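Here's the structure we're looking at; comments come further down.
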Amino acid sequence: MSRFITTILAAAISMACANSVLALELKAADYWDEQYPTVKGLKRMGELLAERTKGRITMKVFHSGALGTEKETLEQVKIGALDLVRVNSSPMNNICQETIVPTLPFLFRSIDHMHKALDSAIGDEILASCDAKGYIGLAFYDSGARSIYSKKPVRSIADVKGMKLRVQQSDMWVSLVNAMGANPTPMPMGEVYTAMRTGLVDAAENNIPSYENSKHFEVVKYYSKTEHSMAPEMVVFSKLAWDKLSPEDQKIIRQAAKDSVPAQRKAWDERDQASLKIVLAGGAQIVSDVNKKSFADAMGPVYEKFVTTPKMKDLVKRVQEMK
Ligand code: GTR
């Protein structure tokens with residue numbers, strides 16, 4: 001090989017090495033498809049990262065559940081095989097206790113109250129509480145309010161007695177649905193459509209965009225506004241991967257996640273309205289005259305069982321006292 005070619009090759013190799021040290025492509029996962037507001041939020045975060053680092057840090061979003069269920073992707077994040085994931089707060093409940101707080105039934109009085117609490121130090125404390133479990137909580141995304149959908153209308157707690165109701169894989173959710181007098185069946189989101197079709201479950205609960213996007217409205221037609229939880233979405237980063245980053249890059253990533261929140265909330269509001277039109281056109285019935293108090297009054301045992309530590313009691317109290 002001529003000296004010239006050897007020199008060129010050596011230069012190319014050293015450039016490639018320098019770039020690989022500098023360039024960082026983060027891998028993110030989300031259960032939903034590209035048009036869903038959570039994925040739009042992650043994409044915004046990726047844009048901000050690229051803009052602010054002039055393309056040095058980028059983010060690839062594996063959407064549509066390409067990398068598995070929320071539980072599976074959380075395991076990949078734990079071992080650093082995946083850098084970050086957007087999940088609901090619920091699958092975090094059994095991992096990181098404080099995430100139970102924003103998932104609790106009837107804690108937030110309104111979406112505004114939820115925003116106020118999660119945008120305050122309370123939200124930051126909950127996010128930070130996952131560090132010790134191997135997850136760096138970066139941001140909360142919107143997920144509206146969750147309500148029950150079933151083959152018959154639900155107007156009060158008596159109507160759900162004995163109902164086989166799918167829940168997310170969280171002990172708190174099992175207890176919550178037990179407290180309603182229904183039978184909780186935990187399973188991943190991707191199995192719910194078939195479970196409802198085959199009668200394995202009679203009902204599920206979620207926000208309108210999830211009810212629409214998962215096509216559950218094709219199977220069960222009554223969406224009754226119980227609005228029993230405002231469990232938010234969370235963006236969580238792998239602590240293993242995080243600890244390998246420079247403090248500057250950690251700061252840039254944390255800020256990009258926070259700054260993607262307004263775009264996610266806007267996308268959420270738009271999708272919420274669009275999804276409502278789709279489910280109505282598809283024959284869904286929205287039941288609005290629900291006696292929410294009958295549900296809220298039955299939730300005492302859930303708080304007693306899960307709000308146990310002084311820290312959790314303090315968080316709940318501060319949320320409740322927030323005007
Ligand atoms: C949705 C949420 C998903 C998933 C799902 C569920 O609202 O966006 O991440 O947690 O609920 O019920 O499993």
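For ligands, and for the atoms within them, numbers begin at 1 and follow the listed sequence. All values reported here derive from a predicted model rather than from experimental measurement. All values below come from the heavy atoms of this structure, side chains included, with hydrogens, waters and symmetry mates left out.
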S143 heavy atoms within 4.0 Å reach ligand 1 at atoms 7 (O)
Can you tell which of N206, N88, D142 gets a heavy atom nearest to atom 11 (O) of ligand 1?
N206
Just let me know how R166 lines up against ligand 1, side chain, backbone, both or neither, with a heavy-atom cut-off below 4.0 Å.
side chain
Below 30° counts as parallel, above 60° as perpendicular, anything between as tilted: where do the rings of Y223 and Y211 land?
tilted
Where is the tightest heavy-atom contact between K221 and G283, given as atom of each residue plus distance?
CD-O, 3.6 Å
Can you list the atoms of ligand 1 that are under 4.0 Å from a heavy atom of R146?
1 (C), 6 (C), 7 (O), 11 (O), 12 (O)
Ligand-side contact atoms (ligand 1) for residue partner N207, heavy atom cut-off under 4.0 Å
7 (O)
Any N or O on R86 sitting closer than 3.5 Å to an N or O of ligand 1?
yes
Does R146 qualify as a cation-pi partner of W173, given the criterion of NZ or CZ under 6.0 Å from the six-membered ring centre and within 45 degrees of its axis?
yes
The atoms of ligand 1 lying under 4.0 Å from a heavy atom of S210, numbered in the order shown, are 1 (C), 7 (O)
If I compare all heavy atoms of F140 with all of P102, which pair ends up nearest, and what's the gap?
CE2-CG, 4.5 Å
Mind checking what makes side chain to side chain contact (heavy atoms under 4.5 Å, CB included) contact with D33, not counting sequence neighbours?
Q35, Y36, S64, N213
Contact with ligand 1 for E205, non-hydrogen, under 4.0 angstrom:
no
For ligand 1, is S90 a contact, meaning one of its heavy atoms is under 4.0 Å away?
no
Relative to each other, are the rings of H228 and F106 parallel, tilted or perpendicular (30° and 60° limits)?
perpendicular
One residue to check: Y31. Relative to ligand 1, which of side chain, backbone, both or neither has a non-hydrogen atom less than 4.0 Å away?
neither
When distances are taken from atom 8 (O) of ligand 1, the protein heavy atom at minimum range is E233 OE2, 2.6 Å
Under 6.0 Å from the ring centre and within 45 degrees of the ring axis: does the NZ or CZ of K239 meet both conditions for the six-membered ring of F237?
no
Do T103 and S89 meet the criterion of a side-chain donor-acceptor pair at a distance under 3.5 Å?
yes
If we number the atoms of ligand 1 from 1 as shown, the ones under 4.0 Å from a heavy atom of M189 are 5 (C), 6 (C), 12 (O), 13 (O)
For K313, enumerate each residue passing the side chain to side chain contact (heavy atoms under 4.5 Å, CB included) test, keeping only those at least two apart in sequence or located in another chain.
V307
Do me a favour and list the nearest non-hydrogen protein atom to atom 10 (O) of ligand 1 with residue, atom name and distance?
Q168 OE1, 2.7 Å
Which residue supplies the protein heavy atom nearest to atom 9 (O) of ligand 1, what is that atom called, and how far is it?
E70 OE2, 2.4 Å
